[in-house]
Amino acid sequence: MHHWSKLFIPTLREAPADAEVASHKLLLRAGYVRQLSAGVYSYLFLGQRCLNKILAITRDEMDRIAQEFLLPALHPRELWEESGRWTGMGQNMFRLQDRKGAWLALGMTHEEVMTDIARHELRSYKQLPQIWYQIQTKFRDEPRPKSGLLRVRQFLMKDSYSFDLDEAGLDASYRKHEGTYHAIFRRCGLQVIAVEADSGAMGGSQSQEFMVYSEAGEDVVASCAACGYAANLEKATSRVGPIDELAPTGDGRPELIHTPGKGAIADVSEFLGISPAHDIKTVAYMALRGQKSSRPASTAEQSGGAWQPVAVFLRGDHSVNETKLLNLLGARELRPMQAEELEQFFRAPAGFLGPIGVEPAKTLLAGDALNVILDCALEDRKNMICGANRLDYHYRNVTPGRDFKGTRTADIRNIIAGEGCPQCGAALKVAKAIEIAHIFKLGYKYTSSMGARVLDPNGKEVTPIMGSYGIGMERILTAAIEQNNDSNGFWMPRSIAPFDVVVTPTNMADATLAATALKVAQQLEDAGFDVLLDDRGERAGVKFKDADLVGIPYRVNVGKKAVEGLLELITRSTMASQDVEISRVAALLAEATQPG
RNA sequence: CGGGACGUGGCUCAGCCUGGUAGAGCACUCGCUUGGGGUGCGAGGGGUCGGCAGUUCAAAUCUGCCCGUCCCGACCA
């Protein structure tokens, strides 16, 4: 049993002005955390207690499929050079030098270290499969830490790594993690959806993210209620409905029309009385060749002429999905074309760009020619409007395929809510979400580049195949608060709450009440609950406000009615209150906290 | 990194425009009071006004540079 009067629980009446999202404000107000600097937080008593419960659940589930390790946070540069990520991770990696001048990195993920162990120790297929995990601090020099604990520069990750002999083995390890992750999040009381994801800087083939819907989230998820399809917007595809095409004019061939000052899609559509879906949007980029990563281009590369011109044409009401585009191009980075570049490749100003007359490159990023990418939603369309590459002019009667061609046609647009599910055609929903975990089928990227080899049953040397799997521990906490809060505070699921119940005597000056409260708290503790006794000499109102704030799911008031042997049991999520006999409170609480 | 905002006791903020040496509420300490939704009264402690430089007789206030934090964009658990 913990006595509030002896604890350090610095609750705040007002949230610091820096805090914007609910979980950030409430974590500060409830005394869970304090900020040290941008994206770096200290966990105080309640925060650490809560995190410990999350860690315990995670360990309990992970131990069923994997073995716990603890790897260093300090990594030698050479290790990261072997995988190519010393430069590949760029600015996001914290680097430092030791007294001899040797470079070290603070670990932002542990594929390299795990693979180093694997290559030194694994010799035979008989040792496979292996799944190794750890719960450890990761360091990432984020360009923009934000939203309290949602995006930070130092955080706890449960990361695991699987080594298998073949793809079937990797499938099994991947599926084990999928199941275990669902179990962890269920036990943490989170509503989680698994979605198809882009692999990003990790590399590899298949990957899934585990998302919690929240307006505070930084990701966008497309999902289908009918068939269960769900994907990150970066990856989501859709079926677009048919469009009523415009009637051709004249001989049906492209025809110049004067559109003075009408550069923006909205202006053109209004001017011509058409829908933006009849217009062709032009988006012009310069793309930097190379593997996609979090690395911003260095000045040398920017001036070194490695940038290639890319023109994207898509429906006027669609937007470019830059992740899809980068993956298609095999490029690392995109930036918008500048006015001089537009002039060079289109001989026209922004607002009046179009596909007619441009000479597309034969193959992607092969030479200096313009790479023309057509979005697949332009296929089978006709009589569209597009910029004429001439100030104040557009074309009408434009039919893709007939009037212009691209280097490549591909899906490079963001889907829009309401479009058809790619699997079943039902209307897709689009909503923001917090990514709390990500699992990857890495393939051979690290085992191959770092030289891990085992002998297979035929005595032949083979490269083991790898998967990696991460959970952001603080994000479980943050997501739980985002899912369960009101203006007075928040309530954690019992499994991860710092305490199950707070016992609140309304007046400590009343010796009978104080004694009763102590007795009740002891009773609850004996029944197996994590009990916080609010024995502070504060007024009842103060204690109630604090109790509502700090995330404890149940409260037992010991007040006036205690002389009649009655207590109040308050459920924080609903604020429902019921009178309970002292002797029955433990049993009732046990009933209330039954899972399911 | 690009764009925007802010930086004044622990917290929320006023004062800055129009320079004259710092103020409120909450919190904290003490006393009394009160005792079921942040009690009331009184007395107190606590601030090199983010830093440096400049202008000026005089700078929280004006100017420049720097640092820090937050928000919007490009990245990730």
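Basis for what follows: all heavy atoms, side chains included, without hydrogens, waters or symmetry-related copies. Each chain gets a letter, A, B and so on, in the order the sequences are listed, and its residues count up from 1.
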- request: Check whether any side-chain heavy atom of A/H177 sits under 4.5 Å from a side-chain heavy atom of A/H182, and report yes or no.
  value: no
P spacing across the pair B/rC17 / B/rG50, given as an integer number of angstrom: 15 Å
- request: Mind checking A/D510 for me? I need base, sugar-phosphate or nothing, with any heavy atom below 4.0 Å counting as a touch.
  value: nothing
query: Hey, would you say the A/Y161 and A/H110 ring centroids sit under 6.0 Å apart?
result: no
message: With a 4.0 Å cutoff (strictly under), does any side-chain N or O of A/Q35 reach OP1 or OP2 of B/rC70?
response: yes
query: Over how many whole Å does the gap from A/R144 atom CZ to B/rA77 atom P extend?
result: 18 Å
field: Candidates B/rC75, B/rC72, B/rU12 - which lies nearest the side chain of A/E218
entry: B/rC75
- prompt: If you take atom types as modelled and just measure distance, does the side chain of A/E14 reach the base of B/rG38 with a donor-acceptor pair under 3.5 Å?
  reply: no
query: Any side-chain donor paired with an acceptor under 3.5 Å for A/S577 and A/E568?
result: no
- prompt: What is the base-pairing partner of B/rU12, counting Watson-Crick and G-U wobble geometry with both distances under 3.5 Å?
  reply: B/rA24
- request: In whole angstrom, give me the gap between the C1' atoms of B/rA58 and B/rC67.
  value: 27 Å
task: List the atom of A/G559, the atom of A/T506, and the distance in Å for their closest heavy-atom pair.
output: CA-OG1, 3.5 Å
task: Between A/R555 and A/R153, just flag the one whose closest nucleotide in RNA chain B comes earlier from the 5' side.
output: A/R555
message: Base, sugar-phosphate or nothing for A/T11? Non-hydrogen atoms, less than 4.0 Å.
response: nothing
message: Are A/F69 and A/Y133, when compared by the centres of their aromatic rings, separated by less than 6.0 Å?
response: no
task: May I have the distance from A/N232 (atom CG) to B/rA77 (atom C1'), rounded to whole angstrom?
output: 13 Å
query: Looking only at side-chain N and O atoms, does A/R539 come under 4.0 Å of OP1 or OP2 in B/rG35?
result: no
message: Taking CD in A/Q191 as the centre, count heavy atoms belonging to other residues, nucleotides or ligands within less than 6.0 Å. Is the count above 12?
response: no
Base-pairing mate for B/rA60 - Watson-Crick or G-U, with both contacts under 3.5 Å: none
- prompt: Just how far, in rounded Å, is P of B/rA77 from CD of A/Q134?
  reply: 14 Å
message: Using a 4.0 Å heavy-atom cut-off, does A/N507 contact any base of the nucleic acid, only the sugar-phosphate backbone, or nothing at all?
response: base
task: Give one of base, sugar-phosphate or nothing for A/P143, where a contact means two heavy atoms less than 4.0 Å apart.
output: base
message: Say we look at B/rA59 and B/rG19: how far apart would their P atoms be, to the nearest angstrom?
response: 13 Å
- prompt: Across the strands shown, which category fits A/K560 at heavy-atom distances under 4.0 angstrom: base, sugar-phosphate, nothing?
  reply: base
query: With centres under 5.5 Å and planes under 30°, do A/F544 and B/rG38 count as stacked?
result: no
task: Please state the P separation for the pair B/rU69 and B/rU29 - nearest whole angstrom.
output: 31 Å
Pairwise P distance, B/rC65 and B/rG4 [rounded to whole Å]: 14 Å
task: State which residue, out of A/N485, A/T478, A/N484, A/L12, fulfils the side chain to side chain contact (heavy atoms under 4.5 Å, CB included) condition with A/L26.
output: A/N485
field: Complementary nucleotide of B/rC41, counting Watson-Crick and G-U pairs under 3.5 Å
entry: B/rG31
- request: In whole angstrom, give the distance that lies between atom CD of A/E234 and atom C1' of B/rC76.
  value: 9 Å
message: Output the rounded distance in Å from NZ (A/K545) to C1' (B/rU39).
response: 14 Å
query: What nucleic acid atoms does A/G148 come within less than 4.0 Å of, heavy atoms only: base, sugar-phosphate, or nothing?
result: nothing
query: When only distance counts, do a donor and an acceptor, one from the side chain of A/R13 and one from the base of B/rU12, lie under 3.5 Å apart?
result: no
query: Any donor-acceptor pair under 3.5 Å between the side chain of A/R151 and the base of B/rC75?
result: yes
message: Given B/rA77, B/rG36, B/rG37, identify the nucleotide with an atom nearest to the side chain of A/E142.
response: B/rA77
- request: To the nearest Å, give me how far apart CE (A/M508) and C1' (B/rG36) are.
  value: 16 Å
message: Between A/T180 and A/E61, do the side chains contain a donor N or O and an acceptor N or O under 3.5 Å apart?
response: no
message: Please pick, from B/rA77, B/rG37, B/rG36, the nucleotide with the shortest atom-to-atom distance to any side-chain atom of A/R475.
response: B/rA77
message: Within the 4.0 Å heavy-atom criterion, would you say A/A15 contacts the bases, only the backbone, or no part of the nucleic acid?
response: sugar-phosphate
field: Given B/rG37, B/rC13, B/rU39, the nucleotide with the shortest approach to the side chain of A/V542
entry: B/rU39
query: With both distances under 3.5 Å as the test, what is the Watson-Crick or G-U wobble partner of B/rG7?
result: B/rC67
- request: Would you mind pulling out the nucleotide paired to B/rC1, Watson-Crick or G-U wobble, both distances under 3.5 Å?
  value: B/rG73
task: Using a 4.0 Å heavy-atom cut-off across all strands, classify A/Q154 as base, sugar-phosphate, or nothing.
output: nothing
- line: A/N92 CG to B/rA74 P, in whole Å, measures 15 Å
message: Between B/rG47 and B/rU12, how far apart are the two C1' atoms, rounded to whole Å?
response: 16 Å
- request: Name the residue closer to the 5' end of RNA chain B, choosing between A/E322 and A/L36 according to the nucleotide with the nearest heavy atom.
  value: A/L36
query: Is a donor-acceptor contact shorter than 3.5 angstrom present between the side chain of A/D546 and the base of B/rG38?
result: yes
query: Does A/R64 CZ have over 12 foreign heavy atoms under 6.0 Å away?
result: yes
Sugar-phosphate, base or nothing in reach of A/D159, heavy atoms under 4.0 Å: nothing
- prompt: How close or far is atom P of B/rC70 from atom CD of A/E20, stated in whole angstroms?
  reply: 11 Å
- prompt: For atom C1', what is the distance between B/rG20 and B/rG35, given to the nearest Å?
  reply: 49 Å
